[in-house]
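Inspection log for the structure reproduced underneath, given as structure tokens.
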Amino acid sequence: MSDPLYAIGDIHGQIELLEQALEWVRSDGGPDAPIVFLGDLVDRGPDSRGVIDRLMAGQADGLPWQVLMGNHDRMFARFLSDGVVHDPRIKSGIGWLHPRLGGPATLLSYGVKGAERRPLEALVEEARELVPETHLGFLNGLPKYIEREGKLFVHAGLRPGVALSDQDPDDLLWIRDGFLEEKAPYPWLVVHGHTALDMPFHYGNRVNLDGGGGYGRTIYPAVFEDEDCWLLDEQGRLPLVP
């Protein structure tokens, strides 16, 4: 049997929920448990800065933590780098500075106030002054997928029938249509987030770990051992089966 491998879904600035999830992982696997974080570290919740600080500190301390890029992480990075607030994959047309997407909450965690009401140029300038360059470098350096132990960890999913090397990077961060409906098995068990549920769910060919942390719902870590999967809470392991 392989060693336990842990995964944590979308955090969305919810530092207290993240700390609770990390405590459950420590209780199950010890202080050095390997964890894959599925992206969407920022937006909506109250402390996106604290979440990034926490994950960067864990990696700096040598913990075996791997962090993926989510679509919200890329929107934040693009805002800082290029002043971009719109992404063509958002069908509603709203931008990152709309409260529904959560950009203003992220900026407020760095001390940037009134994001919805301010001229874009001045807002970008202040954000660049207050967001540490190390945070932007961290976000830009995040991978879009990780293959480990028969699992493919990715933020949103992938395009069925397309080789992993040929996947559109935007699909890895944004896809829903065509992926969520696919019933056929993949070469791996796909472990993803991005599409919020009330609770994580095992679909047989994929596991969705976005249980709605961005909306204040509990962030349940998952633990994988070979073909078996469990969720973790204060009581320990809860089997997660198709």
Side-chain angles (χ1 to χ4, degrees), residues 8-19 37-60 65 67-144 154-156 168-176 192-196 210 212-217 219:
I8 291 178
D10 305 42
I11 302 167
H12 282 298
Q14 301 284 1
I15 188 65
E16 292 185 1
L17 297 178
L18 171 62
E19 292 294 354
F37 299 85
L38 298 176
D40 275 6
L41 315 178
V42 304
D43 295 346
R44 299 193 178 118
D47 197 1
S48 292
R49 176 175 188 156
V51 169
I52 293 176
D53 277 334
R54 184 70 175 89
L55 298 183
M56 290 180 65
Q59 289 186 331
W65 290 2
V67 185
L68 292 171
M69 178 183 289
N71 59 308
H72 283 263
D73 309 315
R74 192 178 69 174
M75 284 191 288
F76 180 31
R78 284 184 169 177
F79 173 81
L80 293 171
S81 297
D82 305 317
V84 172
V85 295
H86 292 281
D87 192 292
R89 296 296 288 259
I90 300 176
K91 295 179 180 179
S92 67
I94 63 175
W96 182 70
L97 293 174
H98 194 286
R100 276 175 52 195
L101 290 182
T106 295
L107 292 175
L108 186 60
S109 74
Y110 289 91
V112 181
K113 302 177 181 179
E116 306 99 308
R117 304 183 300 274
R118 296 176 53 189
L120 180 60
E121 184 175 345
L123 185 64
V124 173
E125 182 178 357
E126 183 179 2
R128 288 172 176 166
E129 292 175 354
L130 294 180
V131 177
E133 291 185 6
T134 53
H135 282 209
L136 179 57
F138 173 76
L139 293 172
N140 283 329
L142 297 177
K144 296 182 176 63
V154 62
H155 175 65
D168 182 343
D170 274 0
D171 280 339
L172 301 176
L173 300 181
W174 286 97
I175 194 169
R176 289 193 176 99
H192 69 95
H194 183 58
T195 300
D210 185 355
Y215 304 102
R217 296 194 286 274
I219 297 175

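Checking Ile15, Asp47, Leu139 one by one against Ile52, the side-chain contact (heavy atoms from CB on, under 4.5 Å) holds for a single residue, Leu139.
Nearest approach of Pro104 to Leu97, heavy atoms of both residues: CG-O, 3.1 Å. Residues Arg44 and Leu101 come closest through the heavy atom pair CG-O, 3.8 Å. Of all the heavy atoms in Glu126 and Gly111, the pair that sits closest is OE2-O, 4.0 Å. The shortest heavy-atom contact between Arg176 and His194 is NH2-O, 2.9 Å. Among all heavy-atom pairs drawn from Ala156 and Trp174, the shortest one is CB-N, 3.4 Å. Of all the heavy atoms in Gly214 and Gln14, the pair that sits closest is O-NE2, 3.9 Å.
With values rounded to the nearest 0.5 angstrom, Arg128 atom CZ is found 8.0 Å from Phe79 atom CZ. Interatomic distance, CG of Leu38 versus CE of Met69, reported as 14.0 Å (0.5 Å rounding). Going from atom CG of Asn140 over to atom CD of Glu133 covers 11.5 Å, rounded to the nearest 0.5 Å. Separation of atoms NE2 (His192) and CG (Leu172) is listed at 12.5 Å; rounding is to 0.5 Å. Expressed to the nearest 0.5 Å, how far CE of Met56 lies from OG1 of Thr134 amounts to 4.0 Å. One finds the CD1 atom of Ile219 at 9.0 Å from the CG atom of Asp210 (value rounded to the nearest 0.5 Å).
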For Val85 and Leu120: C-alpha separation, side-chain torsions, deciding distance, then whether side chain to side chain contact (heavy atoms under 4.5 Å, CB included) applies. CA-CA 9 Å; Val85 295; Leu120 180 60; 3.8 Å; yes

Does Leu123 form a side chain to side chain contact (heavy atoms under 4.5 Å, CB included) with Val112? I'd like the steps, not just the answer. CA-CA 8 Å; Leu123 185 64; Val112 181; 3.5 Å; yes

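Between Glu16 and Pro46, every side-chain heavy-atom pair lies at or beyond the 4.5 Å cut-off. Residues Leu142 and Phe37 fail the side-chain proximity criterion, which asks for heavy atoms closer than 4.5 Å. Contact of the Asp73 side chain with the Val67 side chain is not registered, since no non-hydrogen atoms from C-beta on lie closer than 4.5 Å. Contact annotation: the side chain of Asp53 never approaches that of Phe138 to less than 4.5 Å [non-hydrogen atoms, C-beta and beyond]. With a 4.5 Å cut-off on side-chain heavy atoms, Asp10 and His155 count as touching. Residues Trp96 and Val84 have side chains not in contact (no heavy-atom distance under 4.5 Å, counting atoms from C-beta outward). Leu18 places none of its side-chain heavy atoms less than 4.5 Å from the side chain of Leu41. For the pair Lys113 and Leu108, the minimum side-chain heavy-atom distance is below 4.5 Å.
The residues Asp171 and Arg89 are annotated as salt-bridged, a charged nitrogen and a carboxylate oxygen being separated by less than 4.0 angstrom.
Between Phe76 and His135, the ring centre distance reaches or exceeds 6.0 Å.
Listed by chain and number, the residues in a salt bridge (Lys or Arg N to Asp or Glu O under 4.0 Å) with Asp170 are Arg74 (sequence neighbours excluded).
Side-chain polar atoms of Thr106 and Asp43 form a donor-acceptor pair below 3.5 angstrom.
Counting non-hydrogen atoms of neighbouring residues, nucleotides and ligands closer than 6.0 angstrom, the CD atom of Glu19 exceeds 12 such neighbours.
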